[in-house]
Amino acid sequence: MNLSVQIAPKHKPGLLLTNPVMTAAGTFGYGTEYSPLLDIQKLGAIVCKGTTLEPEEGNPQPRLAETASGLLNSIGLQNIGVKALIKEMAPLWANWAVPVIVNIAGETVSDYARLAEELDGVAGISGLEVNISCPNVESGDAEFGANPESAARVTTAVKSATSLPVLVKLTPNTSDITGVAVAVAEAGADAISLINAVKGMAIDATTRRPLLGHVTGGLSGPAIKPVALAMVYEVAGVVELPVIGCGGITTGSDAIEFILAGASAVQVGTAIFNNPHAPLDVLEEIQQFMQKEGIQDIAELIGIARR
Ligand SMILES: Cc1cc2nc3c(=O)[nH]c(=O)nc-3n(C[C@H](O)[C@H](O)[C@H](O)COP(=O)(O)O)c2cc1C
């Protein structure tokens with residue numbers, strides 16, 4: 001049975017995963033935290049927490065609230081910063097079989113370009129995932145990924161600053177997901193991942209105040225799966241690039257839905273908080289499905305629901 005997928009076919013030498021199951025940024029730390037709990041080397045790829053130029057403490061507490069079938073988080077970009085990542089994490093990753101993709105985040109286009117430059121050529125880093133769900137401080141704080149022009153500007157800047165494969169991760173918080181996807185593809189992205197968390201909030205009726213310290217946060221988990229699936233389906237219909245599906249994936253059958261919608265690979269996020277083994281359970285369930293259905297190659301399933 002062939003589970004391997006090439007997620008950067010336009011790139012030389014590309015980014016070949018042994019299987020399509022990845023972890024989603026911000027839900028699996030730097031990988032090291034989970035290595036006592038599961039065999040992380042069996043994963044298709046690990047995407048690490050969003051990384052910024054300087055270390056960040058993230059947003060004020062409280063930063064998590066459970067919702068019906070979902071999780072609201074306003075962690076923000078709490079991370080160790082790119083220099084510590086290169087010094088402390090990349091040397092560990094360089095000895096791993098599983099590819100590690102670094103998720104990057106900035107406040108300006110030049111932040112993204114500088115991050116890409118710093119990470120270029122660092123042993124242990126197999127690719128970049130560009131988080132364009134960040135507010136653009138130079139133009140009124142709208143998310144970079146909210147419109148095609150700013151999404152394309154970030155993509156072009158990152159691509160010209162690195163020789164690594166570049167995945168661009170789309171935000172669902174836009175009225176033009178296909179316009180953004182096409183713009184990012186034209187700007188040179190090697191793959192598109194989607195979706196990031198959906199903007200949401202909760203209010204504490206007793207205190208009469210927003211529950212999260214940051215007021216709004218990102219909704220993730222099973223509650224957003226149908227939204228993510230529809231966006232993956234739409235985006236896979238307008239770009240030639242590999243699409244990586246993410247949003248509420250908890251079981252193998254969730255993952256198969258995304259693959260049938262056109263995803264070449266999937267990311268498991270919030271499910272990990274309930275079950276740290278979730279990504280490998282998802283992988284095993286994909287294999288069982290393929291066996292049961294007599295599918296020899298995962299490629300036979302990609303985008304089938306579109307025909
Ligand atoms: C606690 C938490 C932290 C996250 N941090 C990041 C991040 O740093 N960068 C990013 O691109 N996405 C981040 N995300 C979004 C996830 O990677 C994913 O896109 C989203 O949660 C939807 O997938 P899920 O429903 O499987 O969690 C975070 C999500 C959660 C729940």
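Read the numbers this way: they start at 1 and go in the same order the structure lists the ligands and their atoms. What you see is a predicted model; the values in this text were computed from it and never measured.
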Can you report which non-hydrogen protein atom sits closest to [atom], along with the distance?
atom: atom 5 (N) of ligand 1; value: K49 NZ, 3.1 Å
atom: atom 23 (O) of ligand 1; value: C246 SG, 3.3 Å
atom: atom 9 (N) of ligand 1; value: N103 OD1, 3.2 Å
atom: atom 24 (P) of ligand 1; value: G248 N, 3.5 Å
atom: atom 12 (N) of ligand 1; value: K169 NZ, 3.0 Å
atom: atom 15 (C) of ligand 1; value: N196 OD1, 3.3 Å

Would [X] count as a polar contact of ligand 1, with the cut-off being nitrogen or oxygen pairs under 3.5 Å?
X: Q267; answer: no
X: G221; answer: yes
X: A197; answer: no
X: G50; answer: yes

Judged by atom type as modelled, is there a donor-acceptor pair below 3.5 Å linking the side chain of [X] to the main-chain atoms of [Y]?
X: N173; Y: K199; answer: yes
X: Q41; Y: V98; answer: yes
X: T156; Y: A152; answer: yes
X: R306; Y: Y233; answer: yes

Q | Mutual orientation of the aromatic rings belonging to F28 and Y34 [parallel < 30°, tilted 30-60°, perpendicular > 60°] | A |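 If you compare the ring of F28 with that of Y34, the planes turn out parallel.
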
Q: Please name all residues satisfying ring-ring contact (aromatic ring centres under 6.0 Å, His included) with F258, sequence neighbours left out, ordered by chain then number.
A: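 Partners of F258 under the ring-ring contact (aromatic ring centres under 6.0 Å, His included) test: none.
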
**Q.** Heavy-atom closest pair, residues H11 and L164
**A.**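 That would be NE2-C, 3.5 Å.
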
Q | Minimal non-hydrogen separation, N79 against T51, with atom names | A |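 Minimum heavy-atom contact is OD1-CA, 3.4 Å.
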
Q.
At less than 4.0 angstrom from any non-hydrogen atom of G269, what atoms of ligand 1 do you find?
A.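 By the 4.0 Å cutoff, the relevant atoms are 26 (O), 27 (O).
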
Q. What atoms in ligand 1 come closer than 4.0 Å to a heavy atom of T270?
A. 24 (P), 25 (O), 26 (O), 27 (O), 31 (C)

**Q.** ligand 1 contact on N79 by region, counting heavy-atom pairs under 4.0 Å
**A.**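 None of N79 does.
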
**Q.** Minimum side-chain heavy-atom gap V109-F144 below 4.5 Å
**A.**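 They are in contact (side-chain heavy atoms under 4.5 Å apart), so the answer is yes.
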
Q: Only counting residues at least two apart or in another chain, list the ones meeting side chain to side chain contact (heavy atoms under 4.5 Å, CB included) with S163.
A: D120

Q. Are any of the heavy atoms in V47 under 4.0 Å away from ligand 1?
A.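 No; V47 lies far enough from ligand 1 that no heavy-atom distance drops under 4.0 Å.
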
(Q) With a cutoff of 4.0 Å, is A271 in contact with ligand 1, counting heavy atoms of the residue only? (A) no

Q: Determine, considering heavy atoms only, which of I249, N73, I75, V268 sits nearest to atom 29 (C) of ligand 1.
A: N73

**Q.** Among A25, S220, G26, closest by any non-hydrogen atom to atom 14 (N) of ligand 1
**A.** A25

Q.
Is a donor from one side chain sitting under 3.5 angstrom from an acceptor on the other, for E143 and T171?
A. yes

